[in-house]
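As structure tokens, the structure follows; a few thoughts come after it.
Below, all heavy atoms of this structure are taken into account, side chains as well, without hydrogens, waters or symmetry copies. Everything numeric in this text was worked out from a predicted model, so none of it was measured. Per chain, numbering begins at 1; letters A, B, ... match sequence-line order.
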Amino acid sequence: MEVMFHSSSFLLPSIPADEASSTKYAIVVLNQKLPRFTPLLWEHAKLRLCADGGANRIYDELPLFFPHEDALLIRNRYKPDVIKGDMDSIRPDVLHFYLSLGTKVIDESHDQDTTDLDKCILYIRDSALKQESCRLQILATGALGGRFDHEAGNLNVLYRYPDTRIILLSDDCLIQLLPKTHRHEIQIQPSLQGPHCGLIPIGTPSAKTTTTGLQWDLTDTEMRFGGLVSTSNMVKGEKITVESDSDLLWTISIKKQDSTTP
Amino acid sequence: MEVMFHSSSFLIPTDKTSATRYAVVVLNQNLPRFTPLLWEHAKLRLCADGGANRIYDELPLFFPNEDALLIRNRYKPDVIKGDMDSIRPDVLDFYVSLGTKVIDESHDQDTTDLDKCISYIRHSTLNQESSKLQILATGALGGRFDHEAGNLNVLYRHPDTRITLLSDDCLIQLLPKTHRHEIHIQPSLLGPHCGLIPVGAPSAKTTTTGLQWDLTDTEMRFGGLVSTSNLVKRDKITVESDSDLLWTISIKKQDPTRP
């Protein structure tokens, strides 16, 4: 079984050279409060999308991360490449501002079958960024919290694109899909992440999951809703391995500290 | 198959006629704006560990024209339970001096704070009485996702106990596969956004009535179709499924429905 490697270098102020040459990031901002490290993710990304009301968040909240700088300067600096979605949340003044800066606006209000995050993932996969011969990693903020049906729909996006690296990020944690088709090696940044973590069998029970590197490792352990789900676990080292017969969601807490603004 | 009835009367200010007895559990996230209303309905009020900080700090903010100390005395938990690693010492001392029962479960690391509170309520006299018991829990969503998942799992692990998770934005309830479900909603307070989520296992066949996009023996699974961003069309929704589902509906933003 092939190994899939996971790293969280995007949380570092500068990405190690070997990774920087092999991984390209795209960022999608959804309509919840921006995590405090959003400027850092934005700087790492080669392609920056706002899903509908996510543009309001960039407009309103990014300047708050730079209280000593002029808001207009910040808004000009952090300009999305694309705003996509059904356009029922974005404010007219925000839309006009980014249009005048040259942001591409794609109105998908006719398509009610897919979520805003779906639409953005599809755009990124079809974009030039994906054609390049390197790993693409999509970082999405604002996918958690708020209405639970929204959150569930966003978690389902991870399951529906198991071959696309998508990471959901909030101030408190990150979530990634670990497809059952691979063994997983997760490298963590102990100064930035953990120790709290979990493995969640959303969608289907797992008959056998095995891990290393956790406080409470699993050994061919069954996990299911209604029974054992690995929550409030803790990482013990810097490398975690996971192997399972079922797709799992891996989640790890993000440490509260000074904003890692570039 | 027996029918299970669901209503959200706990969101209505005056509901003296209901045969349901409520217990409220407050977990450690921002208090929803209707927390005072839930508190008033409840016969048993628990704080799970840091939930006590929330009651202490945030309840007075719902009553800005009243004295904070008066509010804290009025909204006094019956019990504070959990592993006690989040509650502030000053908050703990305050409620202990008011007579709140404090149960330190720091030795038990196998169950979540919500688990511990559910067990307490199930063993209490409130559950012995011959009336329906409904547990209302705030603060179970948001924050760390592993916490949230653990709290959702509490619903699956106690399928015969009525537990409703509440936030400012929505509520979540388990619809066990063992029953047909009739959900009565208050359109002035709930909706229209809703969803049915097969969190634990796929559903081969789910059938609904009352939704904008009803399901008819429809398969639902993560990786495929999950009913999200649906809309309620009527005041009564019915659901029947071969799998346990989570029902969720949005809560309308409006003035706090204080008693």
Side-chain angles (χ1 to χ4, degrees), chain A residues 32 86 112-116 118 143-162 168-175 177 179 196-205 215-216 223-234 246-247 249-254, chain B residues 29-30 83 109-113 140-159 165-172 174 176 193-202 212-213 220-231 243-244 246-251:
Chain A
Q32 296 287 332
D86 55 22
Q112 289 298 324
D113 282 344
T114 55
T115 66
D116 284 343
D118 255 295
L144 310 173
R147 272 170 41 198
F148 182 68
D149 70 302
H150 266 171
E151 184 175 303
N154 290 331
L155 294 176
N156 194 27
V157 169
L158 302 186
Y159 280 79
R160 291 183 24 254
Y161 298 97
L168 306 184
L169 290 141
S170 75
D171 260 322
D172 298 291
C173 65
L174 66 79
I175 302 177
L177 181 78
H196 308 286
C197 63
L199 283 163
I200 324 288
I202 297 261
T204 315
Q215 183 74 28
W216 293 283
M223 288 206 292
R224 56 180 303 118
F225 273 82
L228 172 75
V229 172
S230 179
T231 66
S232 293
N233 209 330
M234 299 212 275
S246 192
D247 293 339
L249 290 185
W250 159 253
T251 180
I252 183 167
S253 55
I254 296 178
Chain B
Q29 296 287 332
N30 271 337
D83 56 22
Q109 289 298 325
D110 282 343
T111 56
T112 66
D113 284 343
L141 310 173
R144 271 170 43 196
F145 182 67
D146 70 304
H147 267 168
E148 183 174 306
N151 289 331
L152 295 177
N153 194 26
V154 170
L155 302 187
Y156 279 80
R157 290 182 25 254
H158 299 276
L165 305 185
L166 290 142
S167 75
D168 261 321
D169 299 292
C170 65
L171 64 81
I172 302 176
L174 181 79
H193 308 284
C194 64
L196 282 162
I197 325 285
V199 165
Q212 183 72 32
W213 292 282
M220 287 207 292
R221 56 179 303 120
F222 272 81
L225 172 75
V226 173
S227 179
T228 66
S229 293
N230 209 331
L231 298 173
S243 192
D244 292 338
L246 290 184
W247 159 254
T248 181
I249 184 167
S250 55
I251 297 179

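- Heavy atoms of A:Ile202 lying under 4.5 Å from chain B belong to its backbone as well as its side chain.
- Interatomic distance, OG1 of A:Thr231 versus CD of B:Glu148, reported as 11.5 Å (0.5 Å rounding).
- Of the atoms belonging to A:Thr251, it is side-chain heavy atoms, and not backbone ones, that fall under 4.5 Å from chain B.
- In this structure, the side chain of B:Asn153 engages the main chain of A:Gly226 through a donor-acceptor pair within 3.5 Å.
- B:Leu196 contributes atom CG, which lies 6.0 Å from atom CH2 of B:Trp247 (distance to the nearest 0.5 angstrom).
- Among A:Cys173, A:Gly198, A:Ser230, the residue making the largest number of heavy-atom pairs under 4.5 Å with chain B is A:Cys173.
- Heavy atoms closer than 4.5 Å to chain B are found in the side chain of A:Leu249, but not in its backbone.
- In terms of heavy-atom pairs under 4.5 Å with chain B, the best-connected choice from A:Pro201, A:Pro205, A:Ser253, A:Pro162 is A:Pro205.
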Before you tell me yes or no, could you show the steps for A:Leu158 and B:Phe222 under side-chain contact (heavy atoms from CB on, under 4.5 Å), namely the whole-Å CA-CA distance, both residues' side-chain angles and the distance that decides it to 0.1 Å? CA-CA 9 Å; A:Leu158 302 186; B:Phe222 272 81; over 6 Å; no
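- The backbone N or O of A:Ala152 lies less than 3.5 Å from no partner atom in the side chain of B:Thr228, so there is not a single donor-acceptor pair.
- Taking CD of B:Gln29 as the start and CG of B:Asn151 as the end, the distance is 9.5 Å to the nearest 0.5 Å.
- Note on B:Ala201, B:Ser243, B:Gly142, B:Pro159: by heavy-atom pairs under 4.5 Å with chain A, the leading option is B:Ala201.
- If you measure heavy-atom distances from A:Arg147 to chain B, the contacts under 4.5 Å come from both the backbone and the side chain.
- Only the backbone of B:Pro198 has a heavy atom closer than 4.5 Å to any heavy atom of chain A.
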